[in-house]
Amino acid sequence: MKSKAYFHLPGLFEYFELYKAFLPLYKQYPEYFYEDFAISSIYGAPTDCIWSGGRVSTRDYDPKEVSNLLKEYNISARLTFSNSLLTDEHLNDYKCNHLAKLFNESDNNGVIIYSDLLLNYLKEKYPKLYYVSTTTKVLTDKNDLIYELNREEFKYVVPDFRLNKDFDLFESLNNNQKEKIELLCNECCYIGCRQRKECYESVSKLNLGIDSNHLCNAPDSKDGYRFSKAMKSPSFIGIGDIREKYLPLGINNFKIEGRGLGSALILEFLLYYLVKPEYHINIREEIYLDNSLDLF
C-alpha cells in the first residue's frame, strides 16, 4: 500500500498560465502543501484537436512550451485523445500527430483514450506514451471495470463516478488492479443521469466538426458547475475520504475534473486538494497579484 495520493489535474493547455504561476509555488514552498498529496499529471488538449474528447478545448498555447513546463517539474503530461467516433481517415491528422510526436519525446507522458483504433495506431507510432482508459467510456458495470483493469495496454483506468463509493468492489480488487484505478473526485453531474454517454458523444461530434443537438435534461443543469454542489454529491471524494478510506485500501490515484470551468475555479480545486488551509491566503495572494493572469 502507498501512503501518498497522486492527483491528475485538468487544463494542460487551457490553464497553462495558471500552472505557470502555481507550480513554482508548489516547488518553492513545500510547507504550504500536504505532504501526503502530490501532483502526478496534468491533462488536456488544445483547440481544434479532432482526436480530443470529454470537453471542447477553448485555448491554445505553444505545445513545446507546455511540454517544457511539465518537464521542469517532473509532472506527466496527458493528452486527452478520448474522441469516441474516430475512423481511419482521422488518424493522419497533422496537428494531432504533431502533438503525439512531441509528447512522445519524454518517457513520462501519456494519452487518455477511448478508441482502440487510435490506441493501436499510437502504440505502433509513438511507443513511449502510456495509456489511460477514459471515464467517457462510462464504466458503471463492475465486470466491465474489472475487464478494463485487466487490459495490459492501460496504465490507469478511470471508471464512471458512480462507482466511487463501491468499497466492496475496491476491496475485492488485487493490488495490480488497485494501482491502476483512478477515481474522479469532484464530478457535479446528476448521479442519476442516464445521458452521460450521449453527452460525451456530442463533444466528440463537435471536435470533429459535426453538429450536435444534445441537451442535458439533468436537474439544475442550467446552474452549471458548482463546487459546493459537487461536494454534496454521494460520489464526491474529499480529502478526508482519501486519507481515511481510499489510501488504506491501496487506491492512490485521483482525477480532478474542470476543463472549461475557468482558472478561478481551478485554483479553488488546487487549494482544496493540495494546500493546507492556513496557507490558502498565501497562495491566493501570490496568484492574484500576478497581473499577467486573467482568472475571471
Taking every heavy atom of N252 against every heavy atom of K4, the minimum-distance pair comes out as CB-O, 3.1 Å
Step by step, work out the side chain to side chain contact (heavy atoms under 4.5 Å, CB included) result for L145 and I181.
-> CA-CA 9 Å; L145 173 59; I181 201 163; 4.0 Å; yes
Take the angle between the ring planes of Y94 and H98 and call it parallel below 30°, perpendicular above 60°, tilted in between.
-> parallel
Does a salt bridge link D160 with R162, judged by any charged N lying under 4.0 Å from a carboxylate O?
-> yes
CG of N74: more than 12 outside heavy atoms within 6.0 angstrom?
-> no
Which heavy-atom pair separates D48 from K95 by the least distance, and what is that distance?
-> O-CD, 3.6 Å
Which word best sums up how the rings of F236 and Y272 line up, parallel for under 30°, tilted for 30 to 60°, or perpendicular for over 60°?
-> tilted
Single hit among Y26, F37, F22, Y279 for ring pair (Phe, Tyr, Trp, His ring centres under 6.0 Å) with Y32 | Y279
Would you call the rings of F269 and F227 parallel, tilted or perpendicular if under 30° counts as parallel and over 60° as perpendicular?
-> perpendicular
Please walk me through it: do E187 and S235 pass side-chain hydrogen bond (donor to acceptor under 3.5 Å, both in side chains)?
-> CA-CA 8 Å; E187 177 58 65; S235 69; over 6 Å; no
For D141 and Y147, run side chain to side chain contact (heavy atoms under 4.5 Å, CB included): C-alpha distance rounded to whole Å, both residues' side-chain angles, the deciding distance at 0.1 Å, then the answer.
-> CA-CA 10 Å; D141 182 87; Y147 172 82; over 6 Å; no
Got a sec: does the CD of E124 have more than 12 other heavy atoms crowding it under 6.0 Å?
-> no
side-chain hydrogen bond (donor to acceptor under 3.5 Å, both in side chains) partner of R78, chosen from Y131, Y130, Y156 = Y130
SB check E35 K276 (cutoff 4.0 Å) = yes
Counting heavy atoms not belonging to K128, are there more than 12 under 6.0 Å from its NZ?
-> yes
Answer yes or no for K255 and Y43: cation-pi contact, defined as NZ/CZ to six-membered ring centre under 6.0 Å and angle to ring axis within 45°.
-> yes
